[in-house]
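In the text below, chain A, chain B and the rest are named by the order of the sequence lines, each starting its count at 1.
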Amino acid sequence: MPHFYVTTPIYYVNDAPHVGHAYATVNADAVARWHRQIGDEVLFLTGTDEHGQKVARAAEEHKMSPQAWADRLAPRFAETWAALDVANDDFIRTTEPRHHRAVQRFLQRIFDNGYIEPGSYAGWYCVGCEAYKDESELLPGRVCPDHRRPVEWLEQENYFFRLSAFQDRLLEWYRDHPHSVQPETKRNEALSFIKGGLQDISITRTSIDWGVPVPWDPNHVFYVWYDALVNYLTAIGYADGDDGVGEWWPSVHHLIGKEIIRFHCVWWPAMCMAAGIDPPAHVQVHGFLLVGGERLSKTRVAGGGERAVKLTEIAPTALVDDFGVDPIRYHLLREVPLGADGEFSYEGIVSRYNADLANNLGNLMSRVATVVGSKCGGTGPAPRLESRLAGVAAEVVASATAAWERFAPHDALETTWRLIRETNAELEAAEPWRAEPGPEVDGVLGDALQALQIVALLAAPAMPTTCAEVWRRIGLTGRPEDQRLPGAARWGTYPGGGAVEKAPPLFPRRSQ
RNA sequence: GGCGGCGUAGCUCAGUCGGUCAGAGCACACGGCUCAUAAUCGUGGGGUCGCGGGUUCGAGUCCCGCCGCCGCUACCA
């Protein structure tokens, strides 16, 4: 059985879960659900990143220990994913013992292999950024442009990872794995960065103690990024196996935002090489959701009212309360192609909700149920094998499958909706509501029910609850997500004979 | 500055190797229908395919230049 391992970034417990987090997580969830439906053994990992100076500072401000602070925030992420019907198989926290063991083992291995050595680094340091700043990017008075506070001259004796030793190996690896980073343009970014020359990186800190201790020098803790990336190995048992990564590694799929390309496409593969394991097979980069084209804009928020909000101020749970889980999931998956930046707006959600969910899918369900009730006594007839829709369905299944396969939920859903539109058109052409009950009418409605069954299967990764409801209403037992594709989506699998239920609209229309 | 990308119907975008590629969805208009959530179905786009040259029998689709926009150019998660 094929193994499918997909990860999200682990989220820093510095701020509350927002729409940006939800975007990445729901996309990963939908892809994971798709792979379960096609019968893969799936491991879907998400979690929280809990070390580092910023967490320590935030905890301090709240007069809490860093651990207590992390213990308070991590569940908020878990709860948000539950509210979004995210079915992750594991939720990793970097403060867990299994992770400490994995980090220490991984980096000890790199140390033993000679790729970590002592050194010193000095420069202007912004505490807010937790980063050194080049003089050229500072505002007058040596002030950090992001945090508006003075930077400090900091010189540290640290351990350095010899990233520079991996330039050629990385280029060679990318040459041999041309599709490992997608979209292509993001791969180019990583490549040009590597070609520009790689410097060694300091990977430990002595200024704080909120981190994973360095095994060969307990005065140091690992720098957060070098701790965080290892989570992808922790979850598959790296700490305890030999290299413990057999069936899940390196065929992993890292879903990340474009702002962390360098860490995942340069540092991380080099670290893996240094530790003696293969780099991750695939990094799928997504873009940003924008509000009002920029960072700020007027947007309506749940409950009405209008004020300027940032994307990071929009709580996913508030959107779920307003629209329902599946419409939000659908919107996050359908509105923007994965990899591109896209607009996120209240108006956009309403508009797509009405067009795709209420008018197309929901209305099709309603009209079919009503006519089956009046012309077929409420019992769903079987489809016709020679139906024109059979060909459409086959094409749609094939292209939706291909789209899910290449991490393109946007395309998968778009093509799935083509079957809905064609089914509406087919009904319009046949007008079963005007005809006398009989084989002709049965055939038309059987086709429509078959189409709904297939739509429920193809859209289940995006809208599990709705698709299960469609499944039930058209008289089928079980749940779409328990069916095996592609077999279950073949034309002719709708059995007929079940009770078709007329029920309130799946998606009541909303006014702007 | 260097490297990379983008600029196609009101909006969001498709357009593989140059020759029915001038398209889709949404929005809008008109018509049909009334099973359905004022839903649905059909019809409608004279769009200089950013601008100017060039190659070619023929170019959104290749080459050169220009204009506009954007990303990356290291130790922030």
Participant: Side chain of A:Arg509, heavy atoms from C-beta onward: which of B:C72, B:U37, B:U34 has the nearest atom to it?
Facilitator: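 My answer, after comparing the listed nucleotides, is B:U37.
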Participant: Which base, if any, makes a Watson-Crick or G-U wobble pair with B:A24, both distances under 3.5 Å?
Facilitator: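 Pair assignment: B:A24 / B:U12.
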Participant: So, are A:Asp227 and A:Arg205 salt-bridged, with charged N and O less than 4.0 Å apart?
Facilitator: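 Not counted as a salt bridge, because no side-chain N and carboxylate O are separated by less than 4.0 Å.
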Participant: Please write out each protein N/O paired with an N/O of nucleotides 40-44 of chain B under 3.5 Å, distance rounded to 0.1 Å.
Facilitator:
unit_1	atom_1	unit_2	atom_2	d
B:U40	O2'	A:Arg367	NH1	2.9
B:U40	O2'	A:Glu428	OE1	2.8
B:C41	O4'	A:Glu428	OE1	3.4

Participant: Below 4.0 angstrom, N of the basic side chain to O of the carboxylate: do A:Arg384 and A:Asp442 qualify?
Facilitator: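 The answer is no: the pair does not qualify as a salt bridge.
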Participant: Would you say the ring centers of A:Phe323 and A:Phe507 fall short of 6.0 Å from each other?
Facilitator: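 No, ring centres 6.0 Å or more apart.
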Participant: Measuring only the C1' atom in each nucleotide, how far is B:A27 from B:G45? A whole number of Å is fine.
Facilitator: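 The same atom, C1', in both gives a distance of 13 Å.
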Participant: How far does the C1' atom of B:U56 sit from the matching atom of B:C63, given to the nearest Å?
Facilitator: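 To the nearest whole Å, 12 Å.
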Participant: Look at the rings of A:His254 and A:Tyr232 and say which category their plane angle falls in: under 30° parallel, 30 to 60° tilted, over 60° perpendicular.
Facilitator: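 Ring orientation, 0 to 90° scale: tilted.
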Participant: Does the plane of the ring in A:Trp268 sit parallel, tilted or perpendicular to the ring in A:Phe106? Use 30° and 60° as the thresholds.
Facilitator: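 Taking A:Phe106 first and then A:Trp268, their aromatic rings sit tilted (interplane angle of 30° to 60°).
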Participant: So which nucleotide from B:C35, B:U34, B:A74 ends up closest to the side chain of A:Arg434?
Facilitator: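 Within the option list, the nearest is B:U34.
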Participant: When you check the glycosidic angle of B:G60, does it come out syn, meaning within 90° of 0, or anti?
Facilitator: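 With its glycosidic angle within 90° of zero, B:G60 counts as syn.
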Participant: Determine the interatomic distance between P on B:U61 and the same-named atom on B:C72; round to the nearest Å.
Facilitator: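 So the two P atoms sit 29 Å from each other.
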Participant: The side chain of A:Leu506 lies closest to which of these nucleotides: B:C33, B:A74, B:U37?
Facilitator: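 Ranking B:C33, B:A74, B:U37 by closest atom to the A:Leu506 side chain puts B:U37 first.
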Participant: Side chain of A:Ser366 only, please: which of B:G4, B:C72, B:A36 is the nearest?
Facilitator: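 Among B:G4, B:C72, B:A36, the one nearest the side chain of A:Ser366 is B:A36.
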Participant: Could you please name the partner base of B:A39, counting Watson-Crick and G-U wobble pairs only when both distances are under 3.5 Å?
Facilitator: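 Pairing partner, where one exists within any strand: none, as none qualifies.
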Participant: So, A:Glu96 and A:Arg93, do they make that salt bridge, N to O below 4.0 Å?
Facilitator: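 Salt bridge absent between A:Glu96 and A:Arg93.
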